[in-house]
Amino acid sequence: MSKLILLHTSHHLTPIHRRVLNAVVLTPLSKPLLTPFSLSGLHPQCLRSSFSPPLSLRSLSARAFDSSSSSSSSTKEEALKQIDGESGPQGKVNSESVNTGTPDKDYPTGEFQFQKMSSWKSFVVKLRMLIALPWERVKKGSVLTIKLRGQVSDQLKSRFSSGLSLPQICENLVKAAYDPRITGVYLQIESLNCGWGKVEEIRRHILDFKKSGKFILAYVPACGEKEYYLASACQEIYAPPSAYFSLFGLTVQASFVRGVLENVGIEPQVERIGKYKSAGDQLARKTMSEENCEMLTALLDNIYGNWLDVISSTRGKKREDIENFINEGVYQVEKFKEEGWITNIHYDDEVISLLKERLGVQKEKVLPMVDYRKYSKVRQSTVGLSGSKDKIAIIRASGSISRVRGSFSLPGSGIIGEQFIEKIRSVRESKKYKAAIIRIDSPGGDALASDLMWREIRLLAASKPVIASMSDVAASGGYYMAMAADTIVAENLTLTGSIGVVTGKFNLGKLYEKIGFNKEIISRGKYAELLAAEQRSFRPEEAELFAKSAQNAYKQFRDKAAFSRSMTVCW
């Protein structure tokens, strides 16, 4: 028998911004998983939140750890003991007794403030550049070029790794803002394969770079909604005459395999808990339920509405005009220029010629440029962005969650619970790290691993300030990790949360009959065949036990979420 436990994500948790995810799991599972299929609705009045005081990060430097694969407060220690001995809040609680926490206005906005260097610091930076290592040397008057295309990883990349790294993209833009050798940035944006959270973060760093007074141009040979969302933050947008523009709107899809399973003789037996628990709908239904349709429609409206608002504000047009233009199905580049969506129609070499003219470089000479990969080797200290001796540990957790590394799993293929816990403990025991940031980009995974990591993060938070930072997605097991931190921050378009359980098994009896396979079991113990007899349906007593097990898993997760975020359960 295959056991499947899937926890839904909430798209409306008050202290965290909203986002979207649609995922599919077809592989039979033998252990509980915290994996979202789609988002479920959670009314904000049901959970009231209170935040812990935030950490000021101004005078600290950071050191990052990748994970792809003595307490300062006695109350925190007592809280850890409490969660071990008690399951958390039960039933309804008077909302008036809930600590409402510090108002949001008391939290730092995190907004980038560009500060010009003093004469002395500028002199020191120039001196450092004179004695910089060969791979850190950049010609004065250079243009930083970044090609944004394909997948964008939330992990740091080594010099031998291919692909784009979100931390390095953002760091390069910050360094370029202060680097006196860089005159501007030339972004070449093509089809992106990443979530809206990463797109939002890159866009914010583009806007931050513009505060330096330097130029930033975008070149878009292939442009959809995500690509234009980034390009719209730049001062100028150029496209070749043959550019592919596909700004036709956004879609959300839900797939159903019940009919396929029936055709091959597989019966999914699904146990749902909650009105909006659509995770099991893929297996149990052939069409979309009203609740799932309501939920996905709300999510789509949220993302599309945000896109329309941002583009209309950037282009200086009414939202209705932007929406009408999209609904016309425009694909001609000339039309985009006429309506002010792009600055001009130019090939790449023409844009470079334009930059030469603007920077006073003679036509016959080569425009000094430095690409993203080479500029990533420039240290922050070289451009005067050094921190203090006190450090913040940045622990990155990307991918699906497993407790141990599998026999065939590749390094960097996900979050390995054992390895992640080792890093958490090393930070907790080290005196040089004054705080920690848990950077999460995960849709979830193994429930046990998620709980063990939650515990270690709670222990770390009992001795040092811990902030959870969410990327594209921190859902199910990803949110399980995040809720152990003192404070959680997310992008406006991050997918997060996960409240609810769907559990089930596959009855393969008819499939076995079709292929001539037979399985007989000799057992001892009333429930010995619960996880072994996939060739038949649940017996009544087995179905009852399975349902109680699902309720228990849901209750544990729900109550820990309420405890960790100082919330009350109202159902």
Side-chain angles (χ1 to χ4, degrees), residues 5-13 15-25 32-40 42 65-69 152-155 166 194-198 200-201 279 299 394-403 412-417 419-421 423-424 436-458 460-461 466-491 493-502 553-554 556-558 560-561 564-565:
I5 293 185
L6 303 165
L7 285 94
H8 274 275
T9 47
S10 162
H11 73 277
H12 199 143
L13 283 175
I16 307 172
H17 298 293
R18 295 171 284 179
R19 299 194 189 173
V20 65
L21 173 72
N22 204 20
V24 178
V25 173
L33 288 185
L34 306 181
T35 305
F37 275 56
S38 57
L39 293 176
S40 62
L42 179 63
F65 296 85
D66 286 341
S67 180
S68 49
S69 48
V152 180
S153 171
D154 203 66
Q155 299 284 358
L166 178 66
C194 65
W196 283 98
K198 291 188 180 76
E200 182 80 18
E201 186 162 353
L299 292 169
I394 303 177
I395 306 173
R396 300 186 181 276
S398 299
S400 60
I401 298 171
S402 304
R403 190 166 63 89
S413 59
I415 304 168
I416 308 301
Q419 296 177 356
F420 182 87
I421 287 172
K423 293 170 184 176
I424 290 288
I437 296 174
I438 312 297
R439 175 67 173 183
I440 302 169
D441 188 22
S442 172
D446 185 88
L448 175 58
S450 301
D451 185 60
L452 296 178
M453 292 188 291
W454 174 87
R455 171 64 181 178
E456 292 298 329
I457 296 172
R458 290 290 301 178
L460 176 61
V466 177
I467 294 175
S469 170
M470 298 176 174
S471 184
D472 277 338
V473 55
S476 257
Y479 182 73
Y480 207 125
M481 298 167 61
M483 68 188 188
D486 297 323
T487 302
I488 300 175
V489 295
E491 294 297 327
L493 299 176
T494 293
L495 170 115
T496 189
S498 188
I499 304 297
V501 172
V502 175
Y554 166 71
Q556 285 186 354
F557 189 14
R558 178 202 66 186
K560 281 188 176 179
S564 298
R565 302 305 302 153

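Summarising the geometry of Asp154 relative to Ser398, their closest heavy-atom pair is CB-OG, 3.7 Å, with the distance given to 0.1 Å. The two residues Ser153 and Lys198 have their closest heavy-atom pair at C-CE, 4.1 Å. Ala474 and Ile440 make their closest contact through CB-CG2, 3.8 Å (heavy atoms, listed as atom of the first residue, atom of the second, distance). The nearest pair of heavy atoms linking Pro443 to Gly399 is CD-O, 3.9 Å. Shortest non-hydrogen contact noted between Ile457 and Ala485 is CG2-N, 4.2 Å. Here the closest heavy-atom approach between residue Ser400 and residue Ser442 is recorded as CA-OG, 4.3 Å.
None of Leu448, Ile415, Asp451 except one satisfies the side-chain contact (heavy atoms from CB on, under 4.5 Å) rule with Arg403; the exception is Leu448.
Residues passing the salt bridge (Lys or Arg N to Asp or Glu O under 4.0 Å) test with Glu200, sequence neighbours excluded: none. In terms of the side-chain contact (heavy atoms from CB on, under 4.5 Å) criterion, residue partners of Ser469 (sequence neighbours excluded) are, by chain and number, Ile437, Arg439, Val489.
Interatomic distance, Ser402 OG to Asp446 CG, rounded to the nearest 0.5 Å: 7.0 Å. With rounding to the nearest 0.5 Å, the separation of CE in Met453 from CE in Met481 is 4.5 Å. Note that the CG atom of Leu166 and the CG atom of Asp441 stand 8.5 Å from one another [nearest 0.5 Å].
Counting only distance, with no hydrogens or angles, the side chain of Asp472 and the backbone of Gly197 share a donor-acceptor pair below 3.5 Å. In this structure, the side chain of Ser476 does not engage the main chain of Gly478 through any donor-acceptor pair within 3.5 Å. When atom types are taken as modelled, the side chain of Asp486 and the backbone of Ile467 share no donor-acceptor pair closer than 3.5 angstrom.
In this structure, Phe557 and Tyr480 have parallel ring planes: the angle between them is below the 30° cut-off, well short of the 60° mark.
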Where do Leu452 and Phe420 land on the side chain to side chain contact (heavy atoms under 4.5 Å, CB included) test, with the steps shown first?
CA-CA 10 Å; Leu452 296 178; Phe420 182 87; over 6 Å; no

